[in-house]
Every structure is written in C-alpha cells, then in structure tokens.
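Below you'll find the structure, written out as structure tokens, and then a few comments.
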Amino acid sequence: MSSLRTPLSRAKGLGSAKEGVHHFLIERITAAALVPLFLWFAYSLVRLAGADYETVTAWVGSPLPAVLLILLIATGFWHGALGVQVILEDYMQPEWLKFVSIIFVKFIAIVLAGLGIFAVLRIALGG
Amino acid sequence: LPRPPWSRHKGDRRQKRAQPGYCLAAGLPATPAARFPRRRFDYVSAVYGMAHCRASHYMHTDNRPLSPHLMIYKLQMQTVLSGIHRGGGLLLCLGMVFLVIWLVAVAAGPESFQTAQAWVGSIIGRLALFVFTLTLFFHLCTGIRHLMWDFGVGLEIETVLKTGYVAIFAAIGLTLLAWVLAYTIGGA
C-alpha cells in the first residue's frame with residue numbers, strides 16, 4: 001500500500017497531531033452546555049433582583065444553585081477563553097505576541113474561574 | 001462596465017472609475033507603482049499625498065479575478081451578525097469578570113455586598129447590566145444559529161436571513177421579558 005504523502009512530507013516526519021478538531025468540538029460542547037445554564041442563571045437573577053444579603057447567600061448556598069453556579073463559571077470561562085483564542089489567532093499580528101497573549105488569556109481565565117468557584121464554595125460552606 | 005454585485009449603488013464614483021488603472025476604493029487614478037506593486041502593501045501617496053490607496057484596491061491590467069475588498073463591499077446581515085456575535089462574546093467575557101467580582105463581594109460579607117449592590121443598582125450599573133443581558137441573549141440566539149449550521153441545518157441564504165431576524169427579535173424580546181419580570185416579580 002503506497003502512501004499518499006509526498007517523500008518530502010515523509011522525510012520531515014511532521015503530520016496531523018490528531019487534535020485538530022479538539023478546540024472546535026470543545027467550543028461547541030461548552031456552548032451547548034451554556035444554553036441551559038445561562039437560561040437558568042438569567043431566570044435566577046430575575047428572581048433575585050433586589051434581594052437582601054441573607055436571601056442571596058441562602059440562594060448561592062443551596063445545593064443546586066451552588067453546583068450550577070460552579071458549572072456556569074467553569075464552562076463560561078472555558079468557552080470564553082476558547083473564543084478569545086480564536087479572535088487573537090485571527091487578529092493578533094506578530095506571531096510571538098499572538099502566542100503570549102493566548103497563554104495570558106488562558107491564565108487569566110483560570111485565575112478568575114478559580115476565584116469565582118472559591119467564592120461560591122465559601123458562601124455555600126460558610127468559610 | 002457592468003455594475004459589480006458588491007458595489008453599493010448605481011452612481012457610485014468608485015464604480016464609474018472601476019477600470020484598469022483606477023483605485024477601486026477612492027476612485028483615483030493609480031500610478032505605475034500601484035499597477036505593478038512590488039510589495040504587498042504598496043501605498044500610493046506620491047501624487048495625492050494620501051495613504052489610503054493600497055495596491056489591492058487597484059484593478060489589475062490582466063483579467064485575474066479580484067476578491068471584493070471590505071471597503072467597497074455592501075454590508076450584509078451575515079457579516080454584521082457574525083461581527084456582533086464575536087464582539088458580544090468578547091463583551092460577555094467582561095461580564096463574566098463582573099460576575100466573579102460580584103460573587104467575591106458576596107463571599108466577603110454583608111458590607112461588601114451592600115457596596116456591590118449599590119454599584120449594580122446605580123444608573124450606570126443598571127445600564128451596564130441591561131447591555132450585558134441584551135448581549136447575553138443575542139450571543140445565545142446567534143450561538144444556537146451557529147450550532148445549527150454546524151449540523152448543516154439552515155445554510156440556504158433565505159433561511160440564514162430568516163433565522164437572523166428571528167435571532168435579533170428573540171434576543172430583544174427575551175431581554176425585555178427578563179427586565180419586565182425582574183421589575184414585577186423580582187421587585188428590583
């Protein structure tokens with residue numbers, strides 16, 4: 001069975017990393033997950049409008065909202081970081097700056113997601 | 001010359017001059033340097049002292065097909081909605097930052113919660129929250145459209161235009177519904 005690759009391509013030894021669609025798929029999967037999460041979140045905000053401190057902490061602290069909030073923060077920042085990565089890949093000009101800014105955005109996203117999740121856990125577990 | 005499909009209207013100055021040797025964007029005559037550009041961005045400023053004429057704006061003397069440049073391309077709903085979807089995604093990242101700030105304020109205790117609520121309750125806070133709500137519902141609706149396309153559904157141009165209008169009106173409707181409900185059952 002002869003290969004369809006050119007001799008030069010074979011000699012270079014580079015090829016598909018088999019990860020090409022990973023970013024695309026995760027972007028779509030997180031998007032699909034965020035649809036119900038954000039509809040729930042918008043509904044909750046409507047219910048919580050004008051609520052006092054006790055009501056808000058009781059809401060964040062109850063099991064289902066706490067878990068859904070954590071999922072919302074994690075999935076939201078994941079989806080957001082992937083989206084910003086695409087924008088940077090499209091428009092950021094020098095190659096090194098593109099690379100650095102994507103890493104930077106991902107760091108920021110992880111830090112913020114960690115902060116948000118920690119805040120929810122602290123409210124829920126009463127730190 | 002027949003009117004190219006991407007030209008904005010009939011009496012377009014750019015259209016009248018859409019012939020070899022003229023700048024498509026500005027309708028100015030090109031120079032030999034523009035007709036035979038050596039660099040990718042061959043700016044022509046010698047004659048008119050302007051830097052807005054780029055090599056890609058000039059019709060080439062041979063009959064190679066030119067892709068319509070953004071400057072002379074008629075705006076279409078697909079382009080606009082795609083751009084707003086992307087920009088809105090960027091704006092929602094900022095919204096997520098504010099969500100984290102708000103959660104941290106709630107976690108920090110009643111005093112910081114009061115400060116956060118005062119910020120959210122102010123005119124600017126409410127305006128920002130409204131913009132974030134609208135952006136969220138818009139990104140949600142156009143995002144569902146994008147997911148549809150990924151499954152190969154609704155890719156015909158008429159359907160794309162139709163779902164585009166549905167997305168716009170659904171986003172505005174959902175935003176207004178959420179705010180009306182927030183002021184009635186939420187008591188904001």
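Every value quoted in this text rests on a predicted model; they were computed, and no experiment measured them. Per chain, numbering begins at 1; letters A, B, ... match sequence-line order.
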*Give, as side chain, backbone, both or neither, the part of A:Phe77 having an atom under 4.5 angstrom from any heavy atom of chain B.*
both
*asked:* Checking B:Leu103 against A:Phe118 for the side-chain contact (heavy atoms from CB on, under 4.5 Å) test, could you report, in this order, the C-alpha distance in whole Å, the side-chain angles of both residues, the deciding distance, and whether it holds?
replied: CA-CA 9 Å; B:Leu103 280 170; A:Phe118 177 77; over 6 Å; no
*Which bit of B:Trp179 is near chain A, if near means a heavy-atom gap under 4.5 Å: side chain, backbone, both or neither?*
neither
*Grab the two heavy atoms, one from A:Val56 and one from B:Phe113, that are nearest each other, plus how far apart they are.*
CG2-CZ, 3.7 Å
*Note, A:Tyr43 side chain near B:Leu181 side chain (heavy atom, < 4.5 Å)*: no
*asked:* Minimum heavy-atom separation for A:Thr57 and B:Val106, please, with both atom names.
replied: CG2-CG1, 3.9 Å
*Give, as side chain, backbone, both or neither, the part of A:Val35 having an atom under 4.5 angstrom from any heavy atom of chain B.*
both
*Do A:Tyr53 and A:Val60 sit in the same hydrophobic cluster, where Ile, Leu, Val, Met, Phe, Trp and Tyr count as joined when their side-chain heavy atoms come under 4.5 Å apart?*
yes
_Please rank B:Gly121, B:Pro110, B:Gly109, B:Ala108 by heavy-atom pairs under 4.5 Å with chain A and give me the top one._
B:Pro110
*Which residues from residues 134-168 of chain B are near chain A, with near meaning under 4.5 Å between non-hydrogen atoms?*
B:Leu136, B:Phe137, B:His139, B:Leu140, B:Ile144, B:Leu147, B:Asp150
*Under a 4.5 Å side-chain heavy-atom rule over Ile, Leu, Val, Met, Phe, Trp and Tyr, are A:Leu121 and B:Ile101 clustered together?*
yes
*asked:* Looking at B:Ile124, I want to see if its CD1 is surrounded by more than 12 non-hydrogen atoms of other residues, nucleotides or ligands under 6.0 Å.
replied: no
*Could you state the interatomic distance from CG (A:Leu115) to CG (B:Leu99), rounded to the nearest 0.5 Å?*
11.5 Å
*Passes side-chain contact (heavy atoms from CB on, under 4.5 Å), B:Val104 versus A:Arg122? Steps please.*
CA-CA 9 Å; B:Val104 168; A:Arg122 183 167 163 168; over 6 Å; no
_Nearest non-hydrogen partners of B:Ile185 and A:Arg47, listed with the distance_ = CD1-CD, 3.8 Å
*Out of curiosity, A:Asp52 CG to B:Gln117 CD, how far, rounded to the nearest 0.5 Å?*
9.5 Å
*Please indicate whether B:Trp119 has more than 12 foreign heavy atoms, meaning atoms of other residues, nucleotides or ligands, lying under 6.0 Å from its CH2.*
no
_Are B:Val131 and B:Tyr183 connected into the same hydrophobic cluster when the rule is that any two of I, L, V, M, F, W, Y join if their side-chain heavy atoms are below 4.5 Å apart?_
yes
*Flag yes if B:Phe132 and A:Trp40 sit in one hydrophobic cluster, no otherwise; membership is Ile, Leu, Val, Met, Phe, Trp, Tyr, and two members link when side-chain heavy atoms are under 4.5 Å apart.*
yes
*asked:* Between A:Leu45 and chain B, with a heavy-atom cut-off of 4.5 Å, which part of the residue counts as in contact: side chain, backbone, both or neither?
replied: neither
*Above 12 or not: heavy atoms from other molecules or residues under 6.0 Å from CZ of B:Phe130?*
yes
*Checking A:Leu48 against chain B: side chain, backbone, both or neither under 4.5 Å from a heavy atom?*
neither
*A:Trp78, CH2: over 12 other non-hydrogen atoms inside 6.0 angstrom*: no
*Contact class of B:Leu92 relative to chain A, heavy atoms under 4.5 angstrom*: neither
*Hphob cluster co-occupancy, B:Ile123 + B:Leu129, side-chain heavy atoms under 4.5 angstrom*: no
*Testing A:Ile108, A:Val84, A:Val105, A:Ile87 for side-chain contact (heavy atoms from CB on, under 4.5 Å) with B:Cys93, which one passes?*
A:Val84
*Quick one: closest heavy-atom pair of B:Ala107 and A:Ala119, and the distance?*
CB-O, 3.7 Å
*Kindly give the heavy-atom pair with the smallest separation between A:Ala49 and B:Ala182, and that separation in Å.*
CB-O, 4.0 Å
